[in-house]
Protein chains: 4
Amino acid sequence: MNKKRTVHASVKDERLVNMRRDQMIRGAVSLFKEKGFHRTTTREIAQAAGFSIGTLYEYIRSKEDILYLVCDRIYDQVRARLEGMDVEKGTLKSLKLGIAYYFNIMNEMQDEVLVMYQEAKSLSKDALPYVLKKEVEMVGMFETIILKCVENGELVMEEKQIDLLAHNIFVQGQMWGFRRWALKNKYTIDEYIQLQIDLLFSGIEGFQSQLKEGELYEHS
Amino acid sequence: MNKKRTVHASVKDERLVNMRRDQMIRGAVSLFKEKGFHRTTTREIAQAAGFSIGTLYEYIRSKEDILYLVCDRIYDQVRARLEGMDVEKGTLKSLKLGIAYYFNIMNEMQDEVLVMYQEAKSLSKDALPYVLKKEVEMVGMFETIILKCVENGELVMEEKQIDLLAHNIFVQGQMWGFRRWALKNKYTIDEYIQLQIDLLFSGIEGFQSQLKEGELYEHS
Amino acid sequence: MNKKRTVHASVKDERLVNMRRDQMIRGAVSLFKEKGFHRTTTREIAQAAGFSIGTLYEYIRSKEDILYLVCDRIYDQVRARLEGMDVEKGTLKSLKLGIAYYFNIMNEMQDEVLVMYQEAKSLSKDALPYVLKKEVEMVGMFETIILKCVENGELVMEEKQIDLLAHNIFVQGQMWGFRRWALKNKYTIDEYIQLQIDLLFSGIEGFQSQLKEGELYEHS
Amino acid sequence: MNKKRTVHASVKDERLVNMRRDQMIRGAVSLFKEKGFHRTTTREIAQAAGFSIGTLYEYIRSKEDILYLVCDRIYDQVRARLEGMDVEKGTLKSLKLGIAYYFNIMNEMQDEVLVMYQEAKSLSKDALPYVLKKEVEMVGMFETIILKCVENGELVMEEKQIDLLAHNIFVQGQMWGFRRWALKNKYTIDEYIQLQIDLLFSGIEGFQSQLKEGELYEHS
DNA sequence: TATGAATGAGTCTTCATTCAT
DNA sequence: AATGAATGAAGACTCATTCAT
């Protein structure tokens with residue numbers, strides 16, 4: 001079910017393959033960050049990885065393979081870190097903790113997230129689904145948390161609402177990365193986390209002035 | 001004050017310049033949508049625009065100019081449409097209307113928005129600021145609406161909260177475009193609008209089960 | 001005998017043709033001086049001439065025509081000025097005067113001479129002979145002067161010697177233009193003229209130390 | 001001290017670089033000879049060199065690099081051959097031998113000299129000085145020979161005269177190449193050498209008719 | 001006559017990929 | 001397994017020339 005799209009390597013020694021790909025991905029991420037996938041050449045990647053262009057092609061079949069490996073790797077790293085999140089508790093408190101946890105990860109991996117975010121679209125029709133599936137899984141983690149709250153009786157929400165809320169949380173985490181240019185001057189990551197959680201939980205109505213409360217009862 | 005980065009044209013007749021650039025942009029948007037900026041050739045753009053490669057270069061200086069023109073045009077179109085939004089009323093109702101209005105525009109222009117969203121990063125360091133400024137202005141429109149509500153006494157919010165809320169709304173509008181692959185199977189645009197407004201206004205706590213309300217008072 | 005290679009013009013009014021070509025040549029010379037024939041575009045020439053590219057092509061058939069017109073014009077100007085030289089006297093004094101006169105012209109027209117010198121080779125096989133013929137004529141003027149000296153009994157020289165001497169004088173005049181970079185730091189034009197005349201007339205042996213004269217009788 | 005402007009090659013193996021550049025230069029010289037630098041395409045050069053356009057660009061950075069390489073190479077070849085000239089003797093006889101020697105080299109390398117002569121001006125402002133310096137050095141060799149004659153007491157000449165005489169010799173050597181069209185019909189190279197040496201050494205006055213000698217005493 | 005928009009062949013240059021060593 | 005020289009298809013951009021107005 002969870003089959004990976006494998007990338008062919010001419011070299012057989014699996015340990016070696018992993019090592020070389022590690023070097024390759026590390027170099028590629030930093031190059032993609034700087035100049036994007038299309039403006040980065042395979043030679044540059046090979047050089048950044050510390051080996052020759054010939055060697056590079058012993059471990060991949062095409063340039064696009066590198067992009068796939070990079071995206072794949074980044075998702076795996078994010079997922080690995082998200083494993084530390086408690087998905088089962090089913091309390092609003094644990095939801096808040098989960099959000100804060102996730103936002104902090106996004107902050108720490110903001111370069112990687114940005115790269116993946118901007119370059120994933122360059123993946124071939126072939127590779128894209130594998131990457132999107134990982135996103136779906138990650139959104140699914142928040143769905144699970146929220147669902148547990150519902151099951152626990154903490155919340156009353158329909159499926160569509162749960163799903164959308166999970167999406168919103170997920171995107172707000174990424175947003176800290178891809179809108180850095182607008183956000184980092186105004187907020188620290190901690191402020192950002194706090195403010196987003198407030199807005200997510202209280203909603204606009206949570207900020208309604210008490211005086212006028214009566215007037216607005218017809219809101220929905 | 002609001003000076004545009006002008007793109008040089010060899011042709012003097014301004015009417016003609018506008019006409020040709022219109023054709024060019026239309027062609028480019030549909031090509032970028034299909035294959036992205038980097039995989040689209042200038043010849044293809046010329047052809048899609050209905051003239052020769054030589055003519056194309058009478059109206060621009062470099063391929064990147066086309067991208068700038070495209071981004072610039074899309075923002076202008078979005079802004080032009082947003083002019084129809086009532087920013088001054090200062091009621092929560094008008095805020096909801098504004099959000100719905102904006103989300104509908106994003107829905108109608110989802111191709112353009114997606115293109116701009118994915119390709120803007122390919123703009124040169126030179127052109128990027130001009131495009132980002134437009135985003136800031138658009139986010140500013142929502143800030144204004146919210147601020148009016150605060151001034152009107154409808155809401156009690158601090159500046160940072162206002163700002164972030166405006167950002168969230170803005171991104172949620174774009175999100176309908178850039179996460180189509182995940183959303184369009186589940187929601188109609190009307191559902192999306194309704195659900196997002198509900199979440200934005202009620203917040204998670206608005207969906208709290210009444211029974212447990214007491215337990216969570218310590219939320220912030 | 002002296003037929004010019006004519007350059008076709010669509011415009012009939014001969015007065016106009018001459019005027020336009022004047023403008024054109026003036027512009028072209030200064031552009032060729034700056035960047036050479038190949039790096040100068042027809043548009044630039046039209047602009048420098050003060051009319052449009054369309055108009056330019058009413059007066060020539062191809063870019064190369066311009067080069068031909070330029071070379072032709074420069075030679076004509078040089079020749080016109082050389083008319084003032086006394087070719088018939090047949091004295092060594094008049095030869096010196098002629099050399100000085102010619103060198104001064106080369107000094108005054110050094111930009112034009114340089115252009116022609118460097119770009120003539122770009123003329124088509126078709127146009128080149130017409131330009132070379134003018135050079136031959138100019139060299140011929142010095143041949144005539146020297147020949148008169150011989151006829152007058154001032155000199156005893158064979159035809160080949162006369163011819164080569166004329167060439168040398170001619171080239172030394174141009175040399176002031178095309179080796180400016182090496183000469184202008186060291187000599188004023190007057191010094192250059194004086195020194196060259198001394199060398200031409202005295203020859204190396206004219207600078208022989210008297211003491212050793214005997215030893216070198218076997219010189220030729 | 002004599003640092004060369006180096007041309008970057010992607011290929012590391014210096015032996016290979018030299019070999020490929022040899023091929024390249026040989027091909028380029030013959031093409032430039034035929035049609036000039038600007039009318040020669042990089043593809044033609046690659047083909048003439050016997051490899052692909054891609055390979056060509058492994059050994060240079062831009063088309064202009066080829067021109068520089070060509071000019072540089074030609075000067076080096078000329079210089080290498082001039083090394084065989086005896087510069088130290090300091091006799092008029094050795095000066096004559098030097099001139100004859102140099103003129104013969106110019107005759108043998110007339111194609112190369114012509115190319116360099118006509119195309120050097122297309123070098124960038126960046127590369128030109130390196131090429132001009134070589135010319136200066138070569139002129140310097142004749143200065144040295146003449147200076148030795150002066151030091152030896154064979155000649156009495158001032159610095160400016162020495163310098164100009166050296167220039168004249170140098171240009172007369174090149175002249176055999178760049179005025180081939182006018183000279184080769186009239187003279188063999190041996191005749192040319194003999195006649196030029198006669199003119200250089202005797203000067204015009206050396207050809208004065210004895211009868212009139214008295215009349216001209218006021219010559220300078 | 002004058003204009004200048006349109007054309008597209010032609011040019012330089014890049015870069016993913018291969019393959020002999 | 002590793003190397004890096006060789007390849008050539010492909011792409012951005014230029015510019016001499018034409019022609020309808």
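Proteins get letters first, then strands, A, B, ... in listed order; numbering begins at 1 in each. Heavy-atom basis, side chains included; hydrogens, waters and symmetry copies ignored. Just so we're clear, the structure is a prediction, and the values are computed from it rather than from any experiment.
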Throw together a table of side-chain donor-acceptor distances under 3.5 angstrom for residues 46-60 of chain A, partners on residues two or more places apart or in other chains.
from: S52(A); atom 1: OG; to: G54(A); atom 2: N; distance (Å): 3.4
from: S52(A); atom 1: OG; to: T55(A); atom 2: N; distance (Å): 3.2
from: S52(A); atom 1: OG; to: T55(A); atom 2: OG1; distance (Å): 3.0

**Complete:** By salt bridge (charged side-chain N to carboxylate O under 4.0 Å, His left out), E64(A) pairs with (sequence neighbours left out) none

**Asked** What pairs with Y117(B) under ring pair (Phe, Tyr, Trp, His ring centres under 6.0 Å), at least two apart in sequence or on another chain?
**Response** F178(A), F178(B)

**Prompt:** Rounded to whole angstrom units, what separation is found between the CG atom of D65(D) and the P atom of dT13(E)?
**Reply:** 9 Å

**Complete:** Whole-Å distance, H8(D) NE2 to dT13(E) C1', equals 14 Å

**Asked** Between F37(D) and K63(D), is there a cation-pi geometry (under 6.0 Å to ring centre, at most 45° from the normal)?
**Response** yes

**Asked** Which ones in residues 15-26 of chain D lie close to DNA chain F, meaning a heavy atom under 4.0 Å from one of its atoms?
**Response** L16(D), R20(D)

**Complete:** Protein heavy-atom contacts under 4.0 Å, written 5' to 3' over nucleotides 16-21 of chain E as B (base), S (sugar-phosphate only) or - (none), form the string BBB---

**Request:** Could you check how far OH of Y59(D) sits from C1' of dG4(F), rounded to whole Å?
**Result:** 10 Å

**Item:** 5'-most by nearest nucleotide on DNA chain E - G50(B) or S52(C)
**Value:** S52(C)

**Item:** ring pair (Phe, Tyr, Trp, His ring centres under 6.0 Å) involving Y68(A) - partner list, sequence neighbours excluded
**Value:** none

**Rounded interatomic separation in angstrom, taking CG from L56(C) and P from dC15(F)** = 15 Å

**Request:** Please list, chain by chain and in numerical order, all residues satisfying side chain to side chain donor-acceptor pair (under 3.5 Å) with S10(C), sequence neighbours excluded.
**Result:** none

**Request:** Using both pair distances under 3.5 Å as the test, note the stems of at least 3 consecutive Watson-Crick or G-U pairs that include DNA chain E.
**Result:** E:2-21 with F:2-21

**Message:** Restricting to side chain to side chain donor-acceptor pair (under 3.5 Å), what partner residues turn up for S62(A), sequence neighbours left out?
**Reply:** none

**Fill in**
In whole angstroms, the gap separating C1' of dA6(F) from NZ of K12(D) amounts to 16 Å

**Request:** For S30(D), enumerate each residue passing the side chain to side chain donor-acceptor pair (under 3.5 Å) test, keeping only those at least two apart in sequence or located in another chain.
**Result:** none

**Fill in**
When rounded to whole Å, the CD to C1' distance for the pair Q47(A) and dA2(F) reads 16 Å

**Asked** Among residues 27-34 of chain C, which contact DNA chain F at a heavy-atom distance under 4.0 Å?
**Response** none

**Asked** Does T55(C) place a side-chain N or O at less than 4.0 Å from the phosphate oxygens OP1/OP2 of dA2(E)?
**Response** no

Show every donor-acceptor pair shorter than 3.5 Å between a side-chain atom in residues 69-76 of chain B and any protein atom, with sequence neighbours excluded, or say none if there are none.
from: D72(B); atom 1: OD1; to: K134(B); atom 2: NZ; distance (Å): 2.8
from: D72(B); atom 1: OD2; to: K4(B); atom 2: NZ; distance (Å): 2.7
from: R73(B); atom 1: NH1; to: D22(B); atom 2: OD1; distance (Å): 2.2
from: R73(B); atom 1: NH2; to: D22(B); atom 2: OD1; distance (Å): 3.4
from: Y75(B); atom 1: OH; to: E135(B); atom 2: OE2; distance (Å): 2.8
from: D76(B); atom 1: OD1; to: K134(B); atom 2: NZ; distance (Å): 2.6
from: D76(B); atom 1: OD2; to: K4(B); atom 2: NZ; distance (Å): 2.7

